Every structure is written in C-alpha cells, then in structure tokens.
Undergrad: 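Take this structure first; my questions come after.
No experiment lies behind these values; they were computed from the predicted model shown. Residues: numbered from 1 along the sequence shown.
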Amino acid sequence: MKTITLNYPQEAPICMETLLDYISTWHFGRSVKQDGQLKITLDDEIVQSELMILREHFPWLSVLVVN
C-alpha cells in the first residue's frame, strides 16, 4: 500500500467538486480530507495509473507519493 497526498490551493477551481466526487466514488473509505490536503491510500498496483489520471484531469493539484 502507498499513500499519496493531494494538496490543493485555498482558492481551488470550480472542478474541486468533480475531484471530490471522483475520490469518494473510486476511493471510498481510503481517503482523508483535512486542511487543504487529501490523503489517499492505494494498492501498489494502481499508484502509477492513479497519478496519471490525477495529473491529466486535475493539473492544478500538487500530487506527492508519501510512501
């Protein structure tokens, strides 16, 4: 398992709701939202594809693989 953090700006774009819908649909029970940051726990096998999706569809996010 790996954890990725998504840091979003205080003035996040309107598509922030789309991001939250995506996270709640595909990562239900594996994400934590707090103070401008989302943390998602992922299986090792899907980390790279998830990073690609997030960077492609939400380029304003700062995405970091923690462990």
Undergrad: Does Asn67 reach the main-chain N or O of Thr3 with its side chain, forming a donor-acceptor pair under 3.5 Å?
TA: yes
Undergrad: Show your reasoning for whether side-chain contact (heavy atoms from CB on, under 4.5 Å) applies to Thr5 and Leu38.
TA: CA-CA 6 Å; Thr5 60; Leu38 283 163; over 6 Å; no
Undergrad: Is the closest side-chain heavy-atom distance between Glu50 and Trp26 below 4.5 Å?
TA: no
Undergrad: Do Ile4 and Leu64 sit in the same hydrophobic cluster, where Ile, Leu, Val, Met, Phe, Trp and Tyr count as joined when their side-chain heavy atoms come under 4.5 Å apart?
TA: no
Undergrad: Side chain of Asn7, backbone of Gln37: donor and acceptor closer than 3.5 Å?
TA: no
Undergrad: Taking the six-membered ring for Trp, are Phe58 and Tyr22 parallel (under 30°), tilted (30 to 60°) or perpendicular (over 60°)?
TA: tilted
Undergrad: Is there a chain of hydrophobic side chains (I, L, V, M, F, W, Y, each step under 4.5 Å between heavy atoms) that links Ile53 to Met16?
TA: yes
Undergrad: Got Leu42 and Met1 here, is their nearest side-chain heavy-atom distance under 4.5 Å?
TA: no
Undergrad: Heavy-atom distance under 4.5 Å between the side chains of Thr41 and Val32, does that happen here?
TA: no
Undergrad: Got a second to check how far Lys2's NZ is from Asp44's CG, nearest 0.5 Å?
TA: 5.0 Å
Undergrad: Please name the pair of heavy atoms, one in Leu20 and one in Lys33, separated by the smallest distance, quoted to 0.1 Å.
TA: CD1-NZ, 3.9 Å
Undergrad: Working to the nearest 0.5 angstrom, can you tell me the gap between Leu19 CG and Asp21 CG?
TA: 9.0 Å
